[in-house]
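By convention in this document, chain letters (A, B, ...) are assigned in the order of the sequence lines, proteins followed by strands, and residues within each chain are numbered from 1. Values below: all heavy atoms of this structure, side chains included; hydrogens, waters and symmetry mates excluded.
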Amino acid sequence: VYPNPKVEPFIKEQFVPARFHIKDQQPAFQRFNAQWTPTILILDSDGTERHRIEGFLPSDDFLAQLRLGLAHTARLTGNFAEAERLYRELADDPTAKSVAPEALYWAGVSRYKATNDGAALADTARQFQKRFSDSLWAKKASVWAA
Amino acid sequence: MAIQWKSDADQALAEAKKAKKPLLLDFSAAPM
């Protein structure tokens, strides 16, 4: 997916990028437990892994995964408002269909984490009755239905 | 302009911490 007019600028803007080749950088593969290629890891600024992508993806799906990784990073470092914003953008973006159900699920979780209000989860379960109802994520959210 | 990939993990980690930005690590078998 490199070079790509959407992927490259996004990586340059959002990440500190590093690349390792299987032939001459095996220690890095072992250090980060990369057991297949391509593997993409998203780490927070303290070096903790927050998202892992294994296997090739077309550019739209790859970009959606990178955005999902940023949203996970925000959520898992306690920035719930930013996480919810990023997840909702993904859930509503027609170019990010491959991650939209997952993004809707985690948007609800982020809202709940920010507010400690169970209504955020119940509302998310209701949204899944209208959108992505056949997805695994709808099943996961079904326990939140009031 | 192409992505300026780093090849040293520790250098990348230090820069990410300083810049407060997440890291993207790409493990590849493709020609570079």
Side-chain angles (χ1 to χ4, degrees), chain A residues 1-5 7-56 62-63 65-67 69-74 76-77 79 86, chain B:
Chain A
V1 293
Y2 322 115
N4 177 279
V7 172
E8 272 197 327
F10 187 79
I11 289 175
K12 287 164 64 180
E13 182 181 329
Q14 299 291 338
F15 298 99
V16 173
R19 200 173 195 194
F20 308 99
H21 197 274
I22 194 166
K23 280 189 178 170
D24 50 21
Q25 289 164 292
Q26 270 294 323
F29 277 68
Q30 291 164 11
R31 177 177 176 179
F32 294 98
N33 195 27
Q35 301 200 8
W36 185 238
T37 59
T39 290
I40 302 287
L41 303 185
I42 294 176
L43 280 54
D44 66 28
S45 61
D46 288 328
T48 302
E49 181 178 332
R50 300 303 187 182
H51 192 51
R52 179 173 288 240
I53 308 163
E54 294 175 303
F56 167 82
F62 183 63
L63 188 58
Q65 283 289 328
L66 296 182
R67 293 167 63 194
L70 283 181
H72 286 338
T73 300
L76 293 167
T77 54
N79 192 348
L86 294 170
Chain B
M1 186 195 247
I3 297 168
Q4 300 297 306
W5 296 99
K6 299 189 180 306
S7 58
D8 182 315
D10 288 321
Q11 187 184 50
L13 284 161
E15 182 173 327
K17 194 174 186 73
K18 186 176 178 185
K20 295 189 166 93
K21 286 179 84 170
L23 292 108
L24 185 150
L25 306 185
D26 181 341
F27 297 86
S28 176
M32 293 186 181

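- Summarising the geometry, atom CZ belonging to A/Phe20 is positioned 7.5 Å from atom CG belonging to B/Asp8; distances are rounded to the nearest 0.5 Å.
- Considering only heavy atoms from C-beta on, B/Asp26 stays 4.5 Å or farther from A/Pro17 through its side chain.
- There is no contact between A/Glu49 and chain B, counting heavy-atom distances below 4.5 Å.
- In this structure, the separation between OG on B/Ser28 and CZ on A/Arg19 is 4.5 Å, given to the nearest 0.5 Å.
- A/Glu8 places no side-chain N or O within 3.5 Å of a backbone atom of B/Ala2 that could act as its donor or acceptor partner.
- With a threshold of 4.5 angstrom between heavy atoms, A/Arg50 does not approach chain B through any atom at all.
- Nearest heavy atom pair, residue A/Val16 against residue B/Ala16, reads CG2-CA, 3.8 Å.
- Each of A/Ile11, A/Thr73, A/Leu41 has some count of heavy-atom pairs under 4.5 Å with chain B, and the biggest count is that of A/Leu41.
- When all heavy atoms are compared, the tightest approach of B/Pro22 to A/Ile42 is CB-CG2, 4.5 Å.
- Using the six-membered ring where Trp is involved, A/Phe32 and B/Phe27 have ring planes that are tilted, between 30° and 60° apart.
- Atoms CG and CD, from B/Leu23 and A/Gln14 in turn, are 13.0 Å apart once rounded to the nearest 0.5 Å.
- Using a 4.5 Å cut-off between heavy atoms, A/Glu13 contacts chain B through its backbone alone, with no side-chain atom that close.
- Taking CG from A/Leu43 and NZ from B/Lys21, the interatomic distance works out to 14.5 Å, rounded to the nearest 0.5 Å.
- Your options are A/Ala18, A/Gly69, A/Pro38, A/Ala34, and the one with the most heavy-atom pairs under 4.5 Å with chain B is A/Ala18.
- Taking the charged nitrogens against the carboxylate oxygens, B/Lys17 and A/Asp44 have no contact shorter than 4.0 Å, which rules out a salt bridge.
- In this structure the side chain of A/Ile40 reaches within 4.5 angstrom of the side chain of B/Leu24, judged on heavy atoms.
- Contact of A/Leu70 with chain B is made through the side chain alone, with heavy-atom distances under 4.5 Å.
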Next item on the list: Determine, step by step, whether B/Asp10 and A/Arg31 satisfy the salt bridge (Lys or Arg N to Asp or Glu O under 4.0 Å) criterion, reporting the C-alpha distance in whole Å, the side-chain angles of both residues, the deciding distance to 0.1 Å, and the verdict.
Entry: CA-CA 11 Å; B/Asp10 288 321; A/Arg31 177 177 176 179; 2.8 Å; yes
